[in-house]
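First comes the structure, then the notes that go with it.
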Number of protein chains: 2
Amino acid sequence: MRIVVLAGGIGGARFLRGLKKAVQGTGVTDITVIGNTGDDIHLFGLKVCPDLDTVMYTLGDGIDEEQGWGRSQETFHVKEELAAYGVGPGWFGLGDRDFATHIVRTQMLSAGYPLSAVTEALCERWQPGVRLIPMSDDRIETHVAITVPEGEPGAGERKAVHFQEYWVRLRASVDAHAVVPVGADRAKPAPGVLDALASADVVLFPPSNPVVSIGTILAVPGIREAIADAGVPVVGLSPIVGDAPVRGMADKVLTAVGVETTAAAVAEHYGSGLLDGWLVDTVDEGSVARVEAAGIRCRAVPLLMTDIDATARMAREALALAEEVRA
Amino acid sequence: MRIVVLAGGIGGARFLRGLKKAVQGTGVTDITVIGNTGDDIHLFGLKVCPDLDTVMYTLGDGIDEEQGWGRSQETFHVKEELAAYGVGPGWFGLGDRDFATHIVRTQMLSAGYPLSAVTEALCERWQPGVRLIPMSDDRIETHVAITVPEGEPGAGERKAVHFQEYWVRLRASVDAHAVVPVGADRAKPAPGVLDALASADVVLFPPSNPVVSIGTILAVPGIREAIADAGVPVVGLSPIVGDAPVRGMADKVLTAVGVETTAAAVAEHYGSGLLDGWLVDTVDEGSVARVEAAGIRCRAVPLLMTDIDATARMAREALALAEEVRA
């Protein structure tokens, strides 16, 4: 059995760790991960791919476990020095070990390798145990239309900022009016993405951000269609538990795209044209009927990724729901 | 009084520290340093300028004192990670704090700033107390023709390697047949270099490598002529003491250009057309007559830069010799 997973950063990476454990000895031949690159950013002349790296570091045992992103045993001397040179931004936390990844990536990109080839090369070291492919080799950057907060130049005016500026610098604390994956309309899926979907037996949406992670992947022309055309079960896990994001600030960007922050509304947002099955947390059992009414098979199971075993149980539930849909 | 100094790395930087101390309260209005860039190298997609940085870090109190190059309180996590990715070369020791300098420099160069403007910007932070100008904004790389050592592919054949490969990886342990500042013939002095020389009252050659440091600076068309045309005293300090380099491996590159490793031979190599005065160490007092016979005024004084005070005394001797020449 071949599984394709669409993944953002922390939530996607942790789910994948559970999925790997869940499928041990089950005859799953491979897991292909289509990674979000909409949150990629150029910093200090280097190409930084936070979501790809979070998946790679998490599955390769190099992640800062507590934080969920960045490298374990990290130091911040490069960042300190950049600040001493007055070179910003200072709000993005790049550690010394992490810098090495961006240096290698940037050097390979400058030499002409596409991001998919670079990612494969980086994974040679990390051995994540999955095939990690960026959603596209083309540059796509998620921008967020905000109202400039009080105390900043142009306060009260609307402007577009890079997703990372909205997410990391502003902590999603200002109104977001729109979320736009700039460049997505002209982008092509990276080599391997459509083939993986065409030969998939199951497609999973982990509890990643439905707007800026999975939504951005689905915005690359051809990917949504390839999932629908695959004719295999597509099952997702709600990132919203008890009407709030399990982590992160998904509520802010859901509001920006006019979706309420509930497990059921997110399922409806994906829609029955895309989604066959949906897992909600047991606290959201009351929303099962609403999701099923939308034509999406739904089960309520514990959805907190408190440890790898709990996460593996979630992954097994998702795969069981997929088999139920298939039958 | 305006002093212009041609400087390589460690020897030049340490001499400059002594010179700064020597001229305190003497009416010297400025010291301009023309820095060697022939040992610059591109590593990991970043532009590294070892000699400029050694001068900047030494005069800005950021140097690793013991080593003489690189940053104090340095860590090597980026380098460790690059090695884990299999990305080399591993023989060049870039620390985390040092990496930040190369990242800022590379970003500014990519944005279109010339190296001289970048160096000025970096010095804004370090406040070296001198004006540091690279010899040229054009790319010049010193290459060394060597015989490939036993045990390496092509052993016994001749090939050209980057100076840093010869110096750092091979520790100058193989025969060097020629030293070529590639690109120097088409290079122009950086903005400010010729003006500084034209308005100089004294030009000093610190005890830097006469071939790959000062020799490379002199290879930039226009610089040697500007020194001669300035019509002011030009005084050098011998880097050779007791027929051996005080530090480094200057003997190897002197042999490559057909110059014996003696204080007198180096003076003759510069020649009386360029050099007016020459300081040799007291142990080389016997060579004073030979240097003076070559038309270069010569004095024997202690030339070991054991500490800043000793170095300041050397600088005072050089300035005194310049005044003697002028009179």
Side-chain angles (χ1 to χ4, degrees), chain A residues 41-48 53 56-57 60-64 70-90 92 94-113 117-128, chain B residues 41-48 53 56-57 60-64 70-90 92 94-113 117-128:
Chain A
I41 185 166
H42 284 83
L43 291 169
F44 315 111
L46 301 172
K47 170 84 161 178
V48 180
D53 289 349
M56 191 170 76
Y57 295 159
D61 289 329
I63 199 78
D64 181 315
R71 290 292 316 280
S72 54
Q73 299 178 296
E74 189 57 292
T75 52
F76 292 86
H77 294 151
V78 175
K79 186 179 151 92
E80 256 178 60
E81 296 296 324
L82 292 170
Y85 280 117
V87 172
F92 203 85
L94 292 180
D96 298 332
R97 295 185 187 281
D98 197 22
F99 257 109
T101 301
H102 313 314
I103 289 170
V104 174
R105 175 186 290 120
T106 305
Q107 194 180 8
M108 286 190 72
L109 289 170
S110 301
Y113 292 95
V118 174
T119 305
E120 196 180 335
L122 295 174
C123 284
E124 279 289 309
R125 170 187 174 191
W126 290 105
Q127 297 289 321
Chain B
I41 185 166
H42 284 82
L43 291 168
F44 315 111
L46 301 173
K47 170 84 163 178
V48 179
D53 288 349
M56 193 170 74
Y57 295 159
D61 289 329
I63 199 78
D64 181 315
R71 292 290 315 281
S72 53
Q73 300 178 294
E74 189 56 292
T75 52
F76 292 87
H77 295 150
V78 175
K79 185 179 152 95
E80 257 177 61
E81 296 296 323
L82 292 170
Y85 280 117
V87 172
F92 202 86
L94 292 181
D96 298 332
R97 294 183 186 282
D98 198 23
F99 257 110
T101 301
H102 314 315
I103 289 170
V104 174
R105 176 186 290 121
T106 304
Q107 193 181 7
M108 286 192 71
L109 289 170
S110 302
Y113 291 94
V118 174
T119 305
E120 198 179 334
L122 295 173
C123 284
E124 278 291 308
R125 170 186 175 192
W126 290 104
Q127 296 289 322

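Note that the structure is a prediction, hence the values are computed from the model and not measured. Here is how names work: the chains are called A, B, and so on, in the same order as the sequence lines, proteins then strands, and each is numbered from 1.
Taking a 6.0 Å sphere around OH of B:Y113, one finds it holds 12 or fewer heavy atoms contributed by other residues, nucleotides or ligands.
Heavy atoms of A:E124 lying under 4.5 Å from chain B are absent altogether.
When all heavy atoms of A:L82 and B:A100 are compared, the pair lying nearest together is CD2-O, 3.8 Å. Shortest non-hydrogen contact noted between B:D96 and A:V78 is O-CG2, 3.2 Å.
Between chain B and the options A:H77, A:Q107, A:E80, A:R97, heavy-atom pairs under 4.5 Å are most frequent for A:R97. Each of A:A121, A:G45, A:A84, A:G62 has some count of heavy-atom pairs under 4.5 Å with chain B, and the biggest count is that of A:A84. Contact count against chain B (heavy-atom pairs under 4.5 Å) is highest for A:L122 among A:V87, A:L122, A:T106. Contact count versus chain A (heavy atoms, under 4.5 Å) is highest, among B:F99, B:Y85, B:F44, for B:Y85. Per-residue heavy-atom pair counts under 4.5 Å with chain B were compared for A:R71, A:E74, A:K79, A:Q73, and the maximum is reached by A:R71.
For the atom pair OG1 of B:T75 and CG of B:D98, the computed distance is 11.0 Å after rounding to the nearest 0.5 Å. Here CD of A:E81 is found 10.5 Å from CD1 of B:I103. Values are rounded to the nearest 0.5 Å.
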